[in-house]
Amino acid sequence: MATTEVERRRGQLAALSIAAVVIIVGVPLWWRTTETYRAWLPVSQIKELAKLQLQLSADVEVVFARGTVTPEQQKKVPLTQTQEEERAIDEDTALRYRYETRYRTATIMEEDALNQPSAAEADLSLHTLSESPCGSLVVYVIPESSSLLPEDVNVYIGQRRTALLRIGPQMRVGKTLEQLLAHLEPRIKQVLQVMSFSHNDITAALSDRVRFSPDNKESIADSMRAFKSSPGYEITFSLLNPDPKSHRLHWDIEGAVQTYIQPLLTKLSPVANFSIDSQTLYYTMLGVNPRFDTSRSAYTLNADSLAHVINPVEARLGSNAASSNPVLNFLLYVPDAQHSPLYIQGRKKQEVPSNAFHSPRWGGIMVYNVNGFYGSEPEFPVDINIDMAKVMGVFLAQLRLLLGVQSSTPPPGFLVARCGSTGLADWELDRLMWSRSVENVATATTTITSLAQLLDQIGNIVINDNIAQQVSSAVTSLQLAVAELEAGNLGFALQYSKEAILASEKAFFDPSLLHLLYFPDDQKFAIYIPLFLPMCVPILLSLLKIVSEARQRRREKQAKKD
Amino acid sequence: MKTHVLFNLFATFLLADGLNIEDSAGQFFSSGHTNNWAVLVCTSRFWFNYRHVANTLSVYRSVKRLGIPDSHIVLMLADDMACNHRNPKPATVFSHKNMELNVYGDDVEVDYRGYEVTVENFLRVLTGRLPPSTPRSKRLLSDDRSNILIYLTGHGGNGFLKFQDSEEISNVELADAFEQMWQKRRYNELLFIIDTCQGASMYERFYSPNLMALASSQVGEDSLSHQPDLAIGVHLMDRYTFYLLEFLEDIHPASKANMNDLFKVCPKSQCVSTPGHRTDLFLRDPGSVLITDFFGSVRKVEITTEAIDLTDPIKEVEERPANGDVHKEMHSYVDQLPVSEIIHQNGKLCATSTNKMSLCCFHGDVSECEMQLPRGLGVEGPP
């Protein structure tokens, strides 16, 4: 009797201890070993960033030249005004534009500079006096009778960050300063729309967050034409010679790139890195047959067939296998002797002086006719030196368009100076930097928020430490970029926004974040049941047996008592 | 009153006509894409799945013919049929019996081949999460203005597609991958075509915008193969892709055929299974979507109206002067190990006592390391 009692006791103890081990040691061990490592992410800060409140500030300096303000008005100047404009895009994105305008009178040196015979020279000498920082503007108000600007032109926009504004005739008779300022305000605003950020550009830059449908075709075309913001671009210049038997072409591409293209790229270096290469392709035809036009006694390619030119050529172009940066291709096509000269016709059959066309987000092609370089009975092959200045002039214009330097038609009465030899005016660079910063900030915020959402939804993804670090640094850079934009420091804002984009892309596209771990519930059961059920069944049964025996004993004790 | 109405009608007609001309001029911008990509995947291996490789190659051929360059096509073939040792005609993959059409051609660029075609690599290509060492040709470098065509073929079932006979991708994973592509704006519009058994189940779970899907059969139906070739000994193509290829052979780059024509390809009488399609997530009306929007690559072009006046002459590229200041370190190789001396035990290098043999004496420092071998065991001198 005692032995069975001991046996039973032993059995009960064994069952209880096994159950204890399973519950106290086994379950936590299983939990820890099937846990995925998830580093901590700043989720609350990311949620804050989801609601983007951007403030763009620009500093405007309005300088009154002699003859625009009366002496008593002059006493009240210098003064500062701040204007703010709020625009809400959608429920998550809001923009605020802030213009800080400082009014002052011109110094003597500036007056001297404004006395130059033409506006371009005035612009140059004003520039030598002082250099405006990135993102700011200076508007010189000149009297109505000034001879700097031609008759019908009221505003001249220079190559740097200055503009010359001719005061209206109604300000001739003495008016108060407030009236003068009220008269100037809408006109200065017009200048700002051209030279600084405009609402259309900024909303176009936010297209990652807000799929907006703009009103006019021009802005759709603009948004589709330019490359998206990227840390680097590759530019490839290709010379296509389909007829080497007739033409032996020489182009000084190295010198041309160094002289004409490199200054622009150096100026654009805060925006992106560029790498340039060049190649010559032989026996590459256009793929479209040009038609002979008897009225011009030349071969023509009309605009509709241009679209089919690019594809056969692209297969031969090649690209740098090592980088994933977007590629801009610039092709110089010299037609073969049978099909020279070759002209491009516009959509309405009009002549195209540059003889070139470009494709959005791809590059440009220019047709260079060489039949004028040799007589009618030449000895083939003919040596031809290509005029790189003309070629690079066209390519530079195409490069500007493809990089997003919008040249929309200015309002009437505006005269915009032709950009200098670098190919880019300072205010155009500012505009590009504004829209790039906003675009980078918008893209980085969407990337980070969608990454956080993704990681939240899928509990099985492992979040390594490096990803968490990238996310934290992206969040910090974003906050800094937004702060710098508010303060109006454009250069720093762009730099921080670039860092933010790099970090967020690195985090989002990290190879370790692949979600292959889709476990439907029935598969989970199918895995765990064969493992745990055979073990748990005896334990459960023995526990139940212990419980039922204990209850029975208690009942017996109760019965004994009664 | 009547004249007023008539005048209004006339004015609107003129306006509409004017708009039409404007429209056709700017019509090329209506589709919203600037480049095209194609991801073509064949997921099955083994010789008897010849038809899946032929399917993929025929779509590849059509897509290339209509203009998409190799740099924009990611072609994944799970097995090599052209050079398979069971292929009676090596270096060919035929799609029509009697060897009428060789879809392998001589200009095929396969990006992922053989065992590289896995679910993981496929999802990595779609989502862009590739290791940094991946070359450009293996990446899908699309942006928010890219139209992507995705074609999958192989063996599938209700809610899954089999890869390489050992793993499968489920429709939930595919839908999640497309959602991640949408989050990162990696496509403008996406056309998804799948030719497997019960193919319609694969697009049931899509939830991202701008997706259009076609499948060769509904849930519960099998997609059947088209015709065997007795000389090669296997079925050459699947029915749906066979008729799709026939349809695409009639399309040329300037064609105006639209998606409604594509939906009519391979009716039940020809295909035995019922092809299905899904357009509710697509924003545009399928009737206005051209076939060449996805299968071809019609570039938009704009005439360059401006040119910049450059007047500076080209600077002579200066010869890099002989660098006197840059001190180049002269490197030289370390002396070779005096192996012969070690082997032949020349005592010249190291003076040791008679009983010891230093094997490390080429360091020059005899005390550094010494290996003592008792006499008689080590290598004696040359015989």
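Throughout, a chain's letter reflects where its sequence line sits, starting with A, and its residues are numbered from 1.
Counting heavy-atom pairs closer than 4.5 Å to chain B, the top residue among A:Met366, A:Met388, A:Gln398, A:His358 is A:His358. Chain B forms the most heavy-atom pairs under 4.5 Å with one residue out of A:Ala389, A:Ala356, A:Ala315, A:Ser512, and that residue is A:Ala356. For chain A, the option among B:Ser133, B:Ser71, B:Pro132, B:Ser297 with the highest count of heavy-atom pairs below 4.5 Å is B:Ser297. Looking only at heavy-atom pairs under 4.5 Å with chain B, the residue among A:Pro326, A:Gly364, A:Ser359 that has the most is A:Ser359. If you tally non-hydrogen atom pairs under 4.5 Å between each of B:Arg139, B:Lys138, B:Glu179, B:Arg124 and chain A, the highest count goes to B:Arg124. Put simply, of A:Arg361, A:Lys390, A:Gln453, the one with the most heavy-atom pairs under 4.5 Å next to chain B is A:Arg361.
Judged by distance alone, the side chains of A:Thr447 and B:Lys184 do bring a donor and an acceptor atom under 3.5 Å apart.
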- Determine, step by step, whether A:Ser354 and B:Glu306 satisfy the side chain to side chain contact (heavy atoms under 4.5 Å, CB included) criterion, reporting the C-alpha distance in whole Å, the side-chain angles of both residues, the deciding distance to 0.1 Å, and the verdict. CA-CA 7 Å; A:Ser354 61; B:Glu306 288 177 5; over 6 Å; no
- Task: Could you walk me through whether B:Gln183 and A:Leu451 pass the side chain to side chain contact (heavy atoms under 4.5 Å, CB included) test, one step at a time?
- Result: CA-CA 9 Å; B:Gln183 288 287 330; A:Leu451 178 64; over 6 Å; no
- Apply side chain to side chain contact (heavy atoms under 4.5 Å, CB included) to the pair B:Lys300 and A:Arg225, showing each step before the final yes or no. CA-CA 9 Å; B:Lys300 329 277 188 235; A:Arg225 181 188 310 124; over 6 Å; no
- Can you check side chain to side chain contact (heavy atoms under 4.5 Å, CB included) on B:Gln180 and A:Ser450, steps first, answer last? CA-CA 8 Å; B:Gln180 290 191 47; A:Ser450 61; over 6 Å; no
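The parts of A:Val394 that come within reach of chain B are both its backbone and its side chain, each placing non-hydrogen atoms under 4.5 angstrom from that chain. With a 4.5 angstrom heavy-atom cutoff, B:Asp70 does not touch chain A via any of its atoms. Residue A:Phe508 touches chain B through both its backbone and its side chain, counting heavy-atom pairs closer than 4.5 Å. When heavy atoms are compared at a cutoff of 4.5 Å, A:Leu396 approaches chain B by way of both its backbone and its side chain.
Across B:Arg136 and A:Asn325, no two heavy atoms sit closer than the pair NH2-O, 2.9 Å. Pairing each heavy atom of A:Gln345 with each of B:Ile303, the nearest pair is O-CD1, 4.3 Å. Summarising the geometry of A:Pro511 relative to B:Pro131, their closest heavy-atom pair is CG-CA, 3.7 Å, with the distance given to 0.1 Å. Looking at every heavy atom in both residues, B:Val301 comes nearest to A:Arg347 through O-NH2, 3.9 Å.
The side-chain heavy atoms of A:Lys228 and B:Arg185, taken from C-beta on, include no pair separated by under 4.5 Å. Residues B:Ile308 and A:Arg400 meet the side-chain proximity criterion, which asks for heavy atoms closer than 4.5 Å.
Atom CG of B:Asp285 sits in a crowded spot, with more than 12 heavy atoms from other residues, nucleotides or ligands closer than 6.0 Å. The local environment of OH in B:Tyr115 is sparse, with at most 12 non-hydrogen atoms from other residues, nucleotides or ligands closer than 6.0 Å.
The line from CH2 of A:Trp362 to CZ of B:Arg299 is 7.0 Å long, rounded to the nearest 0.5 Å. Taking CD1 from A:Ile310 and CG from B:Asn35, the interatomic distance works out to 11.5 Å, rounded to the nearest 0.5 Å. One distance of note links NZ of B:Lys64 with CG of A:Asn311; it measures 12.0 Å at 0.5 Å rounding.
Inspection of non-hydrogen atoms places A:Ala303, A:Leu306, A:Ala307, A:His308 of residues 301-309 of chain A under 4.5 Å from chain B.
A salt bridge does not link B:Arg129 with A:Asp510: every distance from a Lys NZ or Arg NE/NH1/NH2 to an Asp or Glu carboxylate oxygen is 4.0 Å or more.
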